[in-house]
Trainee: 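Here you go, one structure.
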Amino acid sequence: MSRLALELPGLSLKNPVMPASGCFGFGREFSQLFDLSTLGAIMIKATTEEPRYGNATPRVAETPGGMLNAIGLQNPGLEKVIANELEWLKQFEVPIIANVAGSQTEDYVQVAKEISKVDNVHALELNISCPNVKTGGIAFGTIPETAKELTKRVKEVSEVPVYVKLSPNVTNIVEMAKAVEDGGADGITMINTLIGMRIDLKTGRPVLSNRTGGLSGPAVKPVAVRMVYEVSQQTNLPIIGMGGVSTVEDIIEFSLAGADAVAIGTANFVNPFICPELIAELDHYLEQHNVDHISELKGRSWK
Amino acid sequence: MSRLALELPGLSLKNPVMPASGCFGFGREFSQLFDLSTLGAIMIKATTEEPRYGNATPRVAETPGGMLNAIGLQNPGLEKVIANELEWLKQFEVPIIANVAGSQTEDYVQVAKEISKVDNVHALELNISCPNVKTGGIAFGTIPETAKELTKRVKEVSEVPVYVKLSPNVTNIVEMAKAVEDGGADGITMINTLIGMRIDLKTGRPVLSNRTGGLSGPAVKPVAVRMVYEVSQQTNLPIIGMGGVSTVEDIIEFSLAGADAVAIGTANFVNPFICPELIAELDHYLEQHNVDHISELKGRSWK
Amino acid sequence: MIQKELMTVVSQSEIAVNIFEMTLKGALARQIDEPGKFVHLKVGEEMMPLLRRPISIAKIEPEKQEFTMIYRAEGAGTSALSRKRTGDLVDVLGPLGHGFPVEEAAAGQTAILIGGGIGVPPLYELSRRLNEKGVKTIHVLGFQNKQAAFYTEQFAALGDTYVATVDGSLGEQGFVTDIINKHGLKADIFYSCGPTVMLKAVERLHAAPRGYISLEERMGCGIGACFACVCHPAADETGTAYLKICSDGPVFKAGEVAL
Amino acid sequence: MIQKELMTVVSQSEIAVNIFEMTLKGALARQIDEPGKFVHLKVGEEMMPLLRRPISIAKIEPEKQEFTMIYRAEGAGTSALSRKRTGDLVDVLGPLGHGFPVEEAAAGQTAILIGGGIGVPPLYELSRRLNEKGVKTIHVLGFQNKQAAFYTEQFAALGDTYVATVDGSLGEQGFVTDIINKHGLKADIFYSCGPTVMLKAVERLHAAPRGYISLEERMGCGIGACFACVCHPAADETGTAYLKICSDGPVFKAGEVAL
Ligand SMILES: Cc1cc2nc3c(=O)[nH]c(=O)nc-3n(C[C@H](O)[C@H](O)[C@H](O)COP(=O)(O)OP(=O)(O)OC[C@H]3O[C@@H](n4cnc5c(N)ncnc54)[C@H](O)[C@@H]3O)c2cc1C
Ligand SMILES: Cc1cc2nc3c(=O)[nH]c(=O)nc-3n(C[C@H](O)[C@H](O)[C@H](O)COP(=O)(O)OP(=O)(O)OC[C@H]3O[C@@H](n4cnc5c(N)ncnc54)[C@H](O)[C@@H]3O)c2cc1C
Ligand SMILES: Cc1cc2nc3c(=O)[nH]c(=O)nc-3n(C[C@H](O)[C@H](O)[C@H](O)COP(=O)(O)O)c2cc1C
Ligand SMILES: Cc1cc2nc3c(=O)[nH]c(=O)nc-3n(C[C@H](O)[C@H](O)[C@H](O)COP(=O)(O)O)c2cc1C
Ligand code: FES
Ligand code: FES
């Protein structure tokens with residue numbers, strides 16, 4: 001029996017490792033590098049109802065141990081994502097988690113309704129935490145009542161389980177988690193990026209044309225681990241943890257903190273082969289440490 | 001005329017560089033390394049009414065580009081700080097900013113009242129943002145109304161200007177800044193640490209005995225710069241910026257973001273000579289870049 | 001095929017002030033089939049600097065399993081790269097992107113290659129390939145000043161070479177476009193790489209009826225997955241069309257992209 | 001005087017499995033006046049690892065401006081340190097803390113030095129100093145196993161040396177305290193460094209009427225300013241008294257600290 005396979009709402013995962021939304025596009029580029037079927041799942045780029053160009057460039061900046069991005073939810077729109085991207089992804093044996101975004105409740109509901117009908121979409125990830133869009137977005141992720149309402153509305157229409165992606169830019173992450181649990185969420189994914197900024201000393205202006213951006217990478221890992229630790233103790237929802245994962249030790253750390261599975265974002269840019277590499281290393285690590293199944297580690301730091 | 005000297009409420013600063021509270025003790029150790037009179041000011045370790053031992057060890061842990069600490073406000077108590085530490089500091093030509101902490105309003109008021117009477121204390125820094133103490137502390141720093149009330153009460157008794165130190169662990173930093181401005185604060189210092197955690201893979205338990213700790217160092221700089229950028233545009237208060245400063249470029253970045261002066265925390269551990277080194281380098285940098293006075297740079301990123 | 005390989009530094013030298021020429025060896029070099037492609041480098045195993053750095057390929061020697069880059073040591077990444085010594089390893093991802101189409105110039109035709117500063121390097125391999133094919137090349141290279149100039153002799157060995165410096169300390173004073181105008185240079189096709197302002201001016205110049213330009217942008221993945229490096233196509237009714245510089249480019253047909 | 005200096009690696013070698021001996025050269029070495037003091041090392045110029053690493057001084061050669069450390073390559077910092085080569089530079093802050101008081105043992109007296117694992121190194125310079133002074137030294141050194149043992153011959157050259165290993169693969173099987181009991185070792189004074197559990201057992205042992213122990217704790221500043229490394233004094237009515245291991249220690253009088 002596999003040490004890595006696990007069942008989460010809607011998802012039969014071969015292993016608990018998957019690329020995080022926005023850091024893997026729709027998989028096409030990475031499919032040239034390795035077989036996408038080796039992945040636990042794929043969280044595809046945020047999809048909105050209409051196509052979006054996103055923010056002006058520069059859209060990324062480097063920071064100590066991390067990076068800022070302000071892509072601005074660029075995507076070809078619901079229709080094309082279904083017709084081109086999801087259709088293309090059907091050749092792989094891998095469940096898709098569709099990251100759903102919008103500016104208002106109706107947008108989310110509309111995208112959720114349509115995209116959840118697609119065969120290989122096994123779960124939705126409600127992106128209520130993107131810091132890089134002016135309207136809506138982040139507001140949904142910082143007001144518990146709003147997040148709960150949105151979750152409820154999306155649950156009503158979704159044909160697959162709904163995971164809600166939490167923003168770390170809040171005073172009380174547990175309150176947010178409980179709100180979406182009350183709203184009927186089937187799981188939580190966390191964390192999205194912290195809001196940050198870099199200023200170009202030559203021009204005196206922010207490096208990013210959007211001025212602020214989302215901070216990700218190893219620098220944010222301690223914040224992510226702490227939040228997973230807190231939320232996993234206070235809700236009954238499964239958690240897909242992320243934020244700075246780049247080694248097998250990081251996966252174990254998230255697991256001990258209380259995550260069921262992990263997603264990998266920024267590290268894909270540093271090493272595009274990171275996902276399959278970590279899957280192999282994780283299996284080896286568990287074997288070496290006599291762990292029969294990854295789930296044994298879940299929440300051990302507080303149990 | 002000096003490019004570096006500046007006047008802030010209560011403070012005549014020779015230069016805009018000072019050690020951050022908790023990262024410099026009461027100066028004794030560093031006085032063996034360099035002349036404390038070269039510093040713009042000194043933010044001394046948090047002082048509480050009664051002596052405090054703080055948390056059990058381990059109290060620090062390293063993270064990518066940063067560190068976690070959970071000292072727990074250890075200090076010898078108001079009486080001894082005044083009698084031993086502040087008295088000893090009088091030999092130096094340097095204004096002291098006294099970091100004031102407590103568990104409830106009365107504690108803050110009592111410490112503020114007494115410590116503000118000491119000659120060389122030129123300003124207070126209200127520490128309403130320490131993430132490492134169970135009671136009070138952080139709550140004051142995350143609820144605008146509470147922060148405002150506390151500021152008001154302290155202002156009533158303080159004989160010197162009051163700076164309030166903001167916590168980054170909030171949904172809306174501008175709201176907090178405005179609340180303390182309404183409460184009568186003379187200035188803002190920001191940011192305190194982000195709450196984070198590390199887990200020891202061998203034991204499966206949090207590395208810090210307090211479990212969570214405050215994240216500081218270069219890793220948090222983008223968050224700090226973003227918050228200074230936001231707050232400086234929305235309040236009229238002077239800002240002493242901090243969070244990851246370790247090079248002269250970092251000082252310029254905070255300045256462009258909207259800070260009047262900067263404080264240096266974690267970097268003192270990496271290089272205990274950092275403060276005097278950066279003061280010299282800053283002067284040189286401004287000369288090289290034909291900047292007549294550091295204040296010219298303030299807020300240029302948004303002006 | 002995109003590969004990731006720890007390649008070995010064969011040589012590294014400072015060929016102008018802060019400008020380094022580095023040659024790397026490894027199987028990956030055999031995969032580079034076109035001038036103008038780039039590699040994405042991880043400098044050091046540490047998390048600082050975290051991201052890779054895109055650098056163009058200046059010269060390819062597949063038979064030796066080597067390729068050469070020329071880069072300016074500026075920030076943390078390129079400065080660290082400049083401290084590498086012969087025998088050190090560099091983590092290389094590549095080859096990436098689409099390069100300059102050599103096939104667009106026919107034997108006997110004339111191509112004008114217009115480079116600015118650190119945009120000059122990829123034109124060198126391009127010129128070698130064009131000459132190999134029997135295309136006549138004219139080179140117009142712009143630099144800040146004499147100290148920042150490099151490879152002028154190497155280009156001169158391949159065809160007429162004009163050098164422009166902003167301060168006139170080498171070649172003629174002025175911008176590359178000034179030189180082209182002054183000498184009335186004309187060709188069947190142009191290829192250009194350099195700062196966007198220069199590329200804009202070059203496109204307006206019509207030194208050739210058609211041409212190709214290579215663009216730069218801050219990158220995340222370098223392979224087309226993160227949407228960090230997009231630009232607008234010139235023709236775009238909806239406002240939502242885009243091209244990715246890393247995977248659709250960095251070389252585009254002149255006029256294809258809104259500069 | 002505490003100094004910060006870029007010191008030069010004179011030599012580095014692996015003297016047991018994962019145990020490295022490194023000698024550094026520089027003016028700072030002249031400042032080290034006592035065995036048991038430590039240095040705080042910044043490994044690499046990068047921000048990873050960010051913090052310094054505390055390492056004891058195992059041998060001082062002031063006339064050569066050199067000192068030697070022995071350390072175990074474990075995590076990011078010590079592993080990076082182990083990759084340094086002769087001629088490389090290491091950023092050293094020190095000497096720090098209070099060391100073992102040699103003056104507490106008189107010529108003609110016997111001192112027993114009890115070390116466990118990576119706590120053994122500082123005892124070496126201590127033993128050299130004591131012997132120089134005419135103090136007879138007995139050494140009891142505990143290691144995990146034969147592979148992890150080091151410096152046993154160097155100690156044997158200075159006085160009677162007993163080695164204990166947990167698995168019995170070298171010397172006698174057992175803990176240092178077992179050895180001391182078994183052989184009924186007695187002395188006028190003891191000095192000890194090792195894991196806290198060992199120090200606790202050593203204190204209870206009364207192999208000598210009085211003694212000194214050296215403690216470890218995770219450190220921030222290493223100079224007494226950050227309160228990261230405090231411990232409770234044994235006598236403390238208020239519960240708020242404290243000692244800083246980095247600046248009040250790392251060496252304390254036995255019984256002074258609540259272990
Ligand atoms: C396709 C392509 C080809 C290139 N070819 C060359 C070449 O042959 N020779 C050469 O000297 N330079 C080249 N550049 C520019 C080179 O990538 C940057 O100079 C380099 O990334 C700067 O890194 P740094 O560590 O020195 O600067 P830092 O300021 O430390 O860089 C911080 C971040 O900004 C990015 N960045 C900064 N400047 C640029 C820039 N101009 N373009 C893209 N990203 C940037 C870095 O990649 C990094 O992520 C090329 C860029 C692109 C996109
Ligand atoms: C006064 C003193 C003297 C020491 N002398 C020696 C010596 O001579 N030889 C030797 O091998 N070791 C010695 N140590 C222990 C040594 O400091 C740690 O093994 C080392 O810091 C671990 O760093 P790392 O990068 O390998 O591990 P990491 O796990 O990467 O370290 C992460 C962080 O934890 C701290 N840390 C981890 N383990 C310890 C520890 N045991 N003690 C203190 N901090 C720790 C590190 O300093 C760093 O800040 C001494 C410790 C102290 C306090
Ligand atoms: C370039 C980039 C684009 C991203 N786009 C999205 C997105 O479209 N939807 C989303 O929910 N999260 C997005 N994220 C956030 C990541 O999915 C992830 O939550 C975050 O980066 C933290 O993980 P990491 O530290 O491993 O990168 C993006 C992150 C990056 C770096
Ligand atoms: C070890 C340590 C102790 C600290 N103690 C205090 C404190 O007593 N009072 C306070 O207001 N801030 C305290 N801080 C926070 C710092 O003053 C500063 O706000 C924070 O570390 C961010 O700056 P840095 O990144 O430069 O360290 C402490 C920070 C550290 C690392
Ligand atoms: S850099 Fe990621 S899409 Fe171009
Ligand atoms: S390590 Fe800072 S007080 Fe000891």
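In what follows, chains are A, B, ... by sequence order, proteins preceding strands, each numbered from 1.
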Trainee: Distance from Ser216(B) atom OG to Leu50(D) atom CG, nearest 0.5 Å?
Mentor: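 Rounded to the nearest 0.5 Å, the OG-CG separation comes to 8.0 Å.
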
Trainee: I need the residue from Leu93(D), Val230(D), Asp91(D) with the largest number of non-hydrogen atom pairs under 4.5 Å to chain B.
Mentor: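 Top option by heavy-atom pairs under 4.5 Å: Val230(D).
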
Trainee: What part of Lys42(D) gets closer than 4.5 Å to chain B, counting heavy atoms only: side chain, backbone, both or neither?
Mentor: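 Side chain only.
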
Trainee: Between the side chains of Arg53(D) and Glu62(B), is the shortest nitrogen-to-carboxylate-oxygen separation below 4.0 Å, so that they form an ion pair?
Mentor: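 The answer is yes: the pair qualifies as a salt bridge.
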
Trainee: Tell me, yes or no, whether the heavy-atom count around Lys4(D) atom NZ, taken from other residues, nucleotides or ligands under 6.0 Å, exceeds 12.
Mentor: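 Yes, the 6.0 Å shell around NZ holds more than 12 heavy atoms from other groups.
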
Trainee: Return yes when atom CD of Glu79(B) has more than 12 non-hydrogen atoms of other residues, nucleotides or ligands closer than 6.0 Å, and no otherwise.
Mentor: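 It does not: Glu79(B) CD has 12 such atoms or fewer within range.
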
Trainee: For Met219(D), is it the side chain, the backbone, both, or neither that has a heavy atom closer than 4.5 Å to a heavy atom of chain B?
Mentor: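 For Met219(D), the contact with chain B is made by the backbone alone.
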
Trainee: Please say whether more than 12 non-hydrogen atoms of neighbouring residues, nucleotides or ligands are located less than 6.0 Å from NZ in Lys90(B).
Mentor: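 Atom NZ in Lys90(B) is crowded, with more than 12 foreign heavy atoms closer than 6.0 Å.
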
Trainee: Which pair of non-hydrogen atoms, one from Val270(B) and one from Arg52(D), has the smallest distance, and what is that distance?
Mentor: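 For Val270(B) and Arg52(D), the tightest heavy-atom pair comes out as O-NE, 2.7 Å.
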
Trainee: Quick check on Thr266(B) against chain D: is it the side chain, the backbone, both or neither that has a heavy atom closer than 4.5 Å?
Mentor: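 Contact with chain D is through the side chain of Thr266(B) alone.
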
Trainee: How many angstroms lie between CG in Leu51(D) and CE in Met67(B), if you round to the nearest 0.5 Å?
Mentor: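 Leu51(D) atom CG to Met67(B) atom CE measures 5.5 Å (nearest 0.5 Å).
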
Trainee: Write out, in numerical order, the residues from residues 23-35 of chain B with a heavy atom short of 4.5 Å from a heavy atom in chain D.
Mentor: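 Within residues 23-35 of chain B, the residues under 4.5 Å from chain D are Phe24(B), Gly25(B), Glu29(B), Phe30(B), Gln32(B), Leu33(B).
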
Trainee: Can you see which heavy atom on Cys226(D) is nearest to which on Phe269(B), and at what distance?
Mentor: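 Closest approach of Cys226(D) to Phe269(B), heavy atoms only: CB-CZ, 3.5 Å.
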
Trainee: Are more than 12 heavy atoms, taken from residues, nucleotides or ligands other than Gln3(D), located less than 6.0 Å from that residue's CD atom?
Mentor: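 Yes.
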
Trainee: Rounded to the nearest 0.5 Å, what's the gap from CG on Asn55(B) to CZ on Phe227(D)? Could you check?
Mentor: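 The CZ atom of Phe227(D) is 13.5 Å from CG of Asn55(B), to the nearest 0.5 Å.
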
Trainee: Roughly how far, to the nearest 0.5 Å, is the OG1 atom of Thr57(B) from the NE2 atom of His232(D)?
Mentor: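 Going from NE2 on His232(D) over to OG1 on Thr57(B), the span is 8.0 Å.
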
Trainee: Show the nearest heavy-atom pair for residues Met47(D) and Pro218(B), with the distance to one decimal.
Mentor: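 So the minimum-distance heavy-atom pair works out to SD-CB, 3.6 Å.
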
Trainee: Quick one: closest heavy-atom pair of Pro272(B) and Ile223(D), and the distance?
Mentor: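 Taking every non-hydrogen atom into account, CB-CD1, 4.5 Å.
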
Trainee: Closer than 3.5 angstrom, by distance alone: can the side chain of Arg218(D) be matched with the main-chain N or O of Val60(B) as a donor-acceptor pair?
Mentor: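 Checked: no pair found.
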
Trainee: So with a 6.0 Å cut-off around CD of Gln91(B), is the heavy-atom count from everything else above 12?
Mentor: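 Counting neighbours around CD of Gln91(B), more than 12 heavy atoms of other residues, nucleotides or ligands fall under 6.0 Å, so yes.
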
Trainee: So which part of Ala76(D) gets closer than 4.5 Å to some heavy atom of chain B, the side chain, the backbone, both or neither?
Mentor: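 Neither part.
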
